[in-house]
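The structure displayed is predicted, hence computed values, not measured ones. First the proteins, then the strands, lettered A, B, ... as listed; each starts at 1.
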Amino acid sequence: AQSVTQPDIHITVSEGASLELRCNYSYGATPYLFWYVQSPGQGLQLLLKYFSGDTLVQGIKGFEAEFKRSQSSFNLRKPSVHWSDAAEYFCAVAADNDMRFGAGTRLTVKP
Amino acid sequence: EAGVAQSPRYKIIEKRQSVAFWCNPISGHATLYWYQQILGQGPKLLIQFQNNGVVDDSQLPKDRFSAERLKGVDSTLKIQPAKLEDSAVYLCASSLEPSPYNEQFFGPGTRLTVL
């Protein structure tokens with residue numbers, strides 16, 4: 001069965017600084033890959049997804065992610081973080097209609 | 001377009017009591033999901049419906065959890081009797097079709113506390 005690992009439980013960055021959230025997956029083939037964001041008291045919102053093609057994927061809110069097959073990674077990046085980006089971020093893997101979420105990375109943004 | 005609606009938003013019960021959650025998906029979405037999100041973990045799929053039929057309930061603890069989507073629209077998830085470890089946020093999501101190509105839209109969740 002596929003699995004997804006988010007090595008960082010909590011990350012703190014200063015407003016305006018760049019951000020990279022790590023995601024590693026385990027699966028025999030290339031699964032579908034997703035990043036979701038969850039603000040406090042809210043449901044999950046899809047930031048971006050990768051199915052095939054260009055390995056650099058653009059999403060909403062200025063986020064992007066890069067699929068690296070050799071590293072089994074799908075890291076999320078943003079060049080300049082805003083205070084409103086403070087939230088929980090989840091990487092997810094889907095294959096054969098089975099979606100698995102990572103444990104999440106909580107992002108704190110310092111003023 | 002209205003999003004996925006869930007109620008109640010919060011529920012506190014004692015162990016061995018029963019509880020039910022309601023979800024109304026986005027209009028026209030055939031696929032409905034219930035997830036359990038324990039504090040500090042990612043969401044875990046409990047059950048997936050396609051219209052009013054169950055597609056996947058392999059991770060649903062069927063001795064105490066049940067779910068239905070009788071008319072293929074809204075859905076209820078029930079726990080009877082509740083245990084302490086059922087304390088979690090229960091998320092409902094919907095999509096047009098079950099394929100991962102179709103984005104899942106999530107409701108705000110119901111936070112359940114079992115004392």
Original post:
Given the rule that I, L, V, M, F, W and Y join up when any side-chain heavy atoms are under 4.5 Å apart, are A/Y27 and A/W35 in one cluster?
Top reply: yes
Original post:
Would B/L70 and B/V55 show up in the same hydrophobic cluster when neighbours are defined by side-chain heavy atoms closer than 4.5 Å?
Top reply: no
Original post:
Top residue by heavy-atom pair count (under 4.5 Å) with chain B, among A/P31, A/A92, A/G104, A/A103?
Top reply: A/A103
**OP:** Name the region of B/Y33, side chain, backbone, both or neither, that has any atom closer than 4.5 Å to a heavy atom of chain A.
**Re:** neither
**OP:** Please round to the nearest 0.5 Å and tell me the distance separating atom NZ of A/K49 and atom CD of B/Q104.
**Re:** 10.5 Å
Subject >> Region of B/Q48 that comes under 4.5 Å of a non-hydrogen atom in chain A >> reply: side chain
**OP:** Check the hydrophobic clustering (I, L, V, M, F, W, Y; side-chain heavy atoms under 4.5 Å; chains of links allowed) and say if A/L76 and A/V81 are grouped together.
**Re:** yes
**OP:** Report yes or no: does B/R9 contribute a side-chain atom to a donor-acceptor pair with the main-chain N or O of A/G41 at less than 3.5 Å?
**Re:** yes
Original post:
Counting only heavy atoms not in B/L39, do more than 12 fall under 6.0 Å of its CG?
Top reply: no
Original post:
Counting only heavy atoms not in B/L84, do more than 12 fall under 6.0 Å of its CG?
Top reply: yes
Original post:
How long is the gap from CZ on A/F90 to CD on B/Q41, to the nearest 0.5 Å?
Top reply: 10.0 Å
Original post:
Does a sphere of radius 6.0 Å around NZ in B/K71 hold more than 12 heavy atoms from other residues, nucleotides or ligands, not counting ones at 6.0 Å or beyond?
Top reply: no
Original post:
Considering only heavy atoms, which portion of A/Q38 lies under 4.5 Å from any heavy atom of chain B: side chain, backbone, both, or neither?
Top reply: side chain
Subject >> Close side-chain approach of B/Y35 and A/M99, heavy atoms under 4.5 Å >> reply: yes
